[in-house]
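Presented below is the structure to which this report refers.
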Amino acid sequence: MLLTNYKKEIFRAECNPEFQSVHLKAYLSDNIEKVLPYLNTALGGFAYYRDPQAVTFKNNGRLITVQGNEIAINALKDIDEANKVIRWLVDEINNTWENKDSIEPSYTGSPKPNIIDILKYLPKTNCKKCKTPTCMVFATRVAEGAFSGDNCPELEPEIKTQLNEYLSHFSFEE
Ligand code: SF4
């Protein structure tokens with residue numbers, strides 16, 4: 001087992017105590033840096049950093065960052081969810097390490113869709129029917145994986161199909 005123990009801290013965002021979501025930081029008993037390129041492949045990392053090594057994942061609207069000695073997870077619903085997600089992640093880290101011989105390590109993040117490319121499919125009327133202020137903001141949300149062509153009611157079916165086909169070339173961790 002690579003990661004045997006950790007100490008966790010769960011807290012609310014200091015910038016706005018009104019926010020209901022919580023954040024989690026876990027301080028690891030063992031340095032897990034060597035598993036990071038394998039974990040990047042196994043869980044489909046969104047971004048990979050080399051100095052110091054760290055990998056970031058998107059998971060159900062949360063951002064998870066794993067470094068050698070520390071894990072940070074944001075936008076968790078509550079303490080129960082925080083405990084569930086950290087237990088899942090520790091299992092994934094140890095399972096990935098056990099199976100590393102069959103996993104190709106990766107030192108780069110997944111390719112992401114281009115916001116300008118997405119914008120080309122949109123009507124660019126900024127009508128706000130998608131509940132975002134502009135088509136550009138909508139395109140940004142699509143690039144993040146939070147929205148798809150289905151969320152713009154103004155898209156012609158044919159264009160929606162084209163946009164969703166473009167997006168199908170990228171993987172979004174959910
Ligand atoms: S509903 Fe479509 S056209 Fe309207 S603002 Fe949103 S993305 Fe733009």
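First listed ligand is number 1; within each ligand, the first listed atom is number 1. Remember, it's a predicted structure, so these values are computed and weren't measured experimentally.
Nearby protein atoms of type N, O or S around atom 4 (Fe) of ligand 1 amount to 1 (distance under 2.8 Å).
No donor-acceptor distance shorter than 3.5 angstrom exists from the side chain of Asn151 to the backbone of Cys130, with no hydrogens or angles considered. Formation of a donor-acceptor pair under 3.5 Å by the Asp91 side chain with backbone atoms of Trp88 is not found in this model.
Applying the salt bridge (charged side-chain N to carboxylate O under 4.0 Å, His left out) definition to pairs two or more places apart or across chains, those involving residues 64-78 are Lys25-Glu70.
Contact check on Glu81 versus Lys84 returns no salt bridge, with no Lys/Arg side-chain nitrogen under 4.0 Å from an Asp/Glu carboxylate oxygen.
Ring geometry, Tyr38 versus Trp97: the interplanar angle exceeds 60°, so the pair is classed perpendicular (tilted spans 30 to 60°).
Within a 6.0 Å sphere centred on CD of Glu9, other residues, nucleotides and ligands contribute more than 12 heavy atoms.
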